[in-house]
Structures are given as structure tokens and as C-alpha cells.
Amino acid sequence: MTTLPQTTGKKLGLVIDLDTCVGCHACVVSCKGWNTENYGAPLSDQDAYGSDPTGTFLNRVHSFEVQPETGPAQLIHFPKSCLHCEDAPCVTVCPTGASYKRQEDGIVLVNEDACIGCGLCAWACPYGAREMDAAAGVMKKCTLCVDRIYNENLPEDDRVPSCVRTCPAGARHFGDLGDENSDVSKLVAERGGMDLMPEQGTKPVNKYLPPRPKDVEPEFDILAPYLEPVATDQKGFLGWLDKALEKI
Amino acid sequence: MHPAHSIIIFTVTSGLGFGLLAFLGLGQPAVTGWSAFWYFALAYGLSVGGLVSSTFHLGNPQRAWRAFSQWRSSWLSREGVLAVATLAIMGIYAFCAVFMGQTLTVLGIIGAILALCTVFATSMIYAQMKTVPRWNHWSTPVLFMVLAVAGGALLTAHVLLAVILLAVAGFLQMFSWTRGDTALAQSGSDIGTATGLGVRGMVRAFEPPHTGNNYLLKEMVHKVGRKHAQKLRMLAFILMVLVPVLLLLIPGGWVIVALAFLVHLVGTLTQRWLFFAEAEHVVGLYYGKR
């Protein structure tokens, strides 16, 4: 059914730290690798070695420049993938029931065997999280690596989404955002985690941690008191020299 | 949005086809025998042709039957269900009219209501999109409905009604364009809210995620339409409304009406192309394309 569940047992999702992300795109590559080899249709490329290469990606890293009112501009790398929204508009528009949100953990998935590739879910998503695969003709999206996080054949360290496992900067965190005592929830509370386009009413589960304020350079110098002019009303030879130099 | 040919043809011809079916269902004109055959052939040609055309943009059209299942939540699914219901009911009505020489009034009325509901469902596929502020407004379904009924009136040569409806469509179209031009700015979504960084200062897209194109840009960040948008709007308005109305005011029988219909058809195709090409999806904000 493409109606959304009233509540979900867990709210599994990602917390992305915009302060820490260095924009290396390792998460993009690792996502493409894992999701091409595993769950569902592979993420195809078209004209991969030609002059106009395109391809399906479930995670892309943008870079934005923010110019505050005062001070220097800041460059912020911005990874973007499915936010596994609580009110996911992509799910309710699906005519076939291929798009669904899981009751047990809140992951939004596509049943590719039922997807007709109409593209309406991609239209309904404000974040550009869904991409139609040009080879398979079905909609692809982040699965939160549903085939890793519950996979008992993998070492426990690896039972997190591929992007989280691979991030060399530790900018990506995975956990249950429905549990307020989870590490990710604490991180969101501590750092003021934010929603993207809250006005769209999608209630995203994934949160973004804003960049920390930059250090402000102290305006005084600790040596300043020693460098101040010792005397302003010189007398004698130095006083005469001071006045004479000023007149030149 | 990308103006896919299959979808433009689908929304225009199926709108006209269902508009015509609504008139036939109401017995306007109450035709039987061969004349009924030609009327229904035209109505089914337009509506079924449009529906078939709509499957051409699907990635996996062989599974299209699954689209009838989610009518509880999805407007696209509702449209499919309503279209098939209309065609089935009006099929019985048409069979009786053509071969038995009988008009089943009640069945026809039900069919006419279903036909209008189908057009409404089609328009709601677009009007429901919060991500496309230009579409997300009551004027979208109203304009779709008025154009469908005006087309039906033209095809059944209800001249006075057609003139009135075309004039209404013209005013609605003007309003829709004017409102649509500021819809994105008034939606409250901008690059600042899209990134959550707007509170910190002016946000600018510095570097896209890749140097090439992608599905999102091709499908939702289409920009060609805006170059000649004003000229095309003028053209669409003249062909869709102005010329047909002027033609209908000339007393000249069915030839004039047919000519008015053909001009109206070309105008509506232009209008529908603009409807898609000019629609700005908020995902473009992430690419600094809005």
C-alpha cells in the first residue's frame, strides 16, 4: 500500500555533519559501488567513457558558498540523499504500490518488480532523492543500505550504510532518530540539527548539523600594552627631535 | 519540468475525448445509429489514444495494469480507474446507441460524471505537487476542466457554450500565468531553506555534484521554455481562445466549427507544452537554477 504508516517502530536515518564534511565524494563512490552490486537493479551509467556521461546515483555531494553579512565567505560541502521522510510525498503518489515506507524502521523503499517507471515519485520529492535508472526503467533511491544494516554475514562494524562506513572524516552518522537517547538523537539535540525545506511539510528523518561558528580572531594583542608610546610630552633633546621631525 | 511529448499529447487529447464523452453521455446531441458511431469513434479515438500515448513515457509499460491498485492514495491511480470506468460505462451506452438505436439516459449521465471526474483526476496529478508551486493551485484543475468541456462543446457544435467556455478559459489562463510567475517566490522555498544555510547569510551554489547532466536536471530543471515563453504564451492564447472564438462568431456551419476546433487543438498543445516547460521544480534550487 502506498498509504503511509501512522507510526514507525524506529526512525532509522542519517545525521550529516556539514561542519566536518570535507567534500571528498567518497560516500558517493562507495554508495554507487555497494548499490550497484547488491539490492535491486544496478545503478547504470550511460556513455560512461564518452563525451556526455550520465548515470544513476543515490547520493550526490553539492558545494555551497555562504556569504555572511560580515566576515569571509564560507564553503560548505553538502551531501544529499533520501531523507526517509515521515510524511513522504513520494510514497503516496505512487500508482502501483511499488513505493512504500516500512512500518518497522521507517525506511522508504521501492519494490522494483512493481515499479512502472512513471517518474511521479521523483516529481513529488523536493530533494531530488530519486533517480530513474535509464537502463532498468525503474526508480532508484537510497535504501539506507537495508542489505547491510541487518546483514549478519557482515562483521558488526560494517552493519551501517556504506556511505557512513566509508566517510573518512566521520561526517556521517547512522542510527534511530525516533529514540531520543540514541547517539544520533543526542548529536542532533547538542548541535541543533536541522530539516531541509521544512516548509514542504515532509518531516524528514535525516538531519543536517550546521557548521560550527568560526573562531573569531581576538582583537587585542597581549603585547599591546608594552608597545604603547611611553611618553607623549617629551622634553629635552628627544622632545626637540620629535617636534623637528614633525615639522618636516 | 521536461515537456514530454507523450504526456502533452495525452493530457490534451484525453481531455478533449472525455469532454466529448461527457456531452454524448448527456445526450447532447442524442445521436443513434451511424452518426452515433462516428461521434463515439472520435471520442474513443481521442481518449484511448491519449491513454495509450501516456504509457510511452513509462520505464516498464508492461506493468501498467498495476497502476489501478492504489486509488486510495494516488491521483494517478484514481485517474486510471476512472478512465477505465468511464470507457466501460460509455462503451455500453455507445453500443446501445449505435446498434440498438436506444439512449440509456441514466447510464449516460453516470458516464458523463465519470468522464469529468477523470479529467479532474488528471489535473490533480499536477495540482497536488507541492514541489512545483506553479501547479499547486486550484486554478490548475479548473483550467483543465474548462478546457475539456470547451473542447467537448466545440466537437458537438454547441457554439454559444463553446464561445462562453473558451472566454472563461482565456481569463483563467491569464490568471494562471500571472499567478504562476510569482508562485515559486511566494512558496517560501529558496536556496536558503533548501540547504538550511539561509539563516547564516547569502547562499550560492558554488559547485554542482558532477560536471555532466543527470536525470534530475533533465526531468525537473528544464529551461528551454522560458527563452520564448512570452511569445509562446501569446501564440497559445491566440490559437487556443481568440481565433476559435472569432471563428465561432461567424455563422458558417460545421466547416467553421471544425476549423475552430483544429486551431483550438494546436493552441491547447502549445499551452500544454508551456504548462510543463515553464513549471519550476524546487529541486532546481540545489543546483542554483532557480
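Quick note on labels: first sequence line is chain A, next is B, and so on, each numbered from 1.
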Subject >> Heavy-atom donor-acceptor pair, A:E131 side chain to B:L216 backbone, under 3.5 Å >> reply: no

Subject >> Contact check, side chains of A:H77 and B:F206, non-hydrogen atoms, under 4.5 Å >> reply: no

Original post:
Taking it one step at a time, do A:E199 and B:T193 satisfy side chain to side chain donor-acceptor pair (under 3.5 Å)?
Top reply: CA-CA 8 Å; A:E199 70 280 2; B:T193 67; 2.8 Å; yes

Original post:
Is chain A contacted by the side chain of B:I191, its backbone, both, or neither, given a heavy-atom distance below 4.5 Å?
Top reply: side chain

Original post:
side-chain contact (heavy atoms from CB on, under 4.5 Å) between B:H210 and A:R60: does it pass, once the steps are laid out?
Top reply: CA-CA 8 Å; B:H210 41 77; A:R60 294 183 187 261; 2.6 Å; yes

**OP:** Using a 4.5 Å cut-off on heavy atoms from C-beta on, say whether the side chain of B:S74 contacts that of A:P95.
**Re:** yes

Original post:
Side chain, backbone, both or neither: which part of A:A134 has an atom under 4.5 Å from a heavy atom of chain B?
Top reply: neither

**OP:** Please identify each residue that fulfils salt bridge (Lys or Arg N to Asp or Glu O under 4.0 Å) with A:K32, with sequence neighbours left out.
**Re:** A:D45

Original post:
Is chain A contacted by the side chain of B:E79, its backbone, both, or neither, given a heavy-atom distance below 4.5 Å?
Top reply: neither

Original post:
Is it the backbone or the side chain of B:S187 that comes under 4.5 Å from a heavy atom of chain A, or both, or neither?
Top reply: backbone

Subject >> Inter-chain contacts: residues 106-123 of chain A against chain B, heavy atoms under 4.5 Å >> reply: A:E112, A:D113, A:A114, A:C115, A:I116, A:G117, A:C118, A:G119, A:L120, A:A122, A:W123

**OP:** Against chain B, label A:Y127 side chain, backbone, both or neither, depending on which of its atoms sit under 4.5 Å from a heavy atom there.
**Re:** both

**OP:** Answer whether the closest heavy-atom distance between the side chains of A:L196 and B:T195 falls below 4.5 Å.
**Re:** no

Original post:
Would you call A:T54 and B:N213 a side-chain contact if the rule is heavy atoms closer than 4.5 Å?
Top reply: yes

Subject >> Portion of B:F56 that has a non-hydrogen atom of chain A nearer than 4.5 angstrom >> reply: neither

Subject >> Interface moiety of A:Q74 toward chain B, non-hydrogen atoms closer than 4.5 Å >> reply: side chain

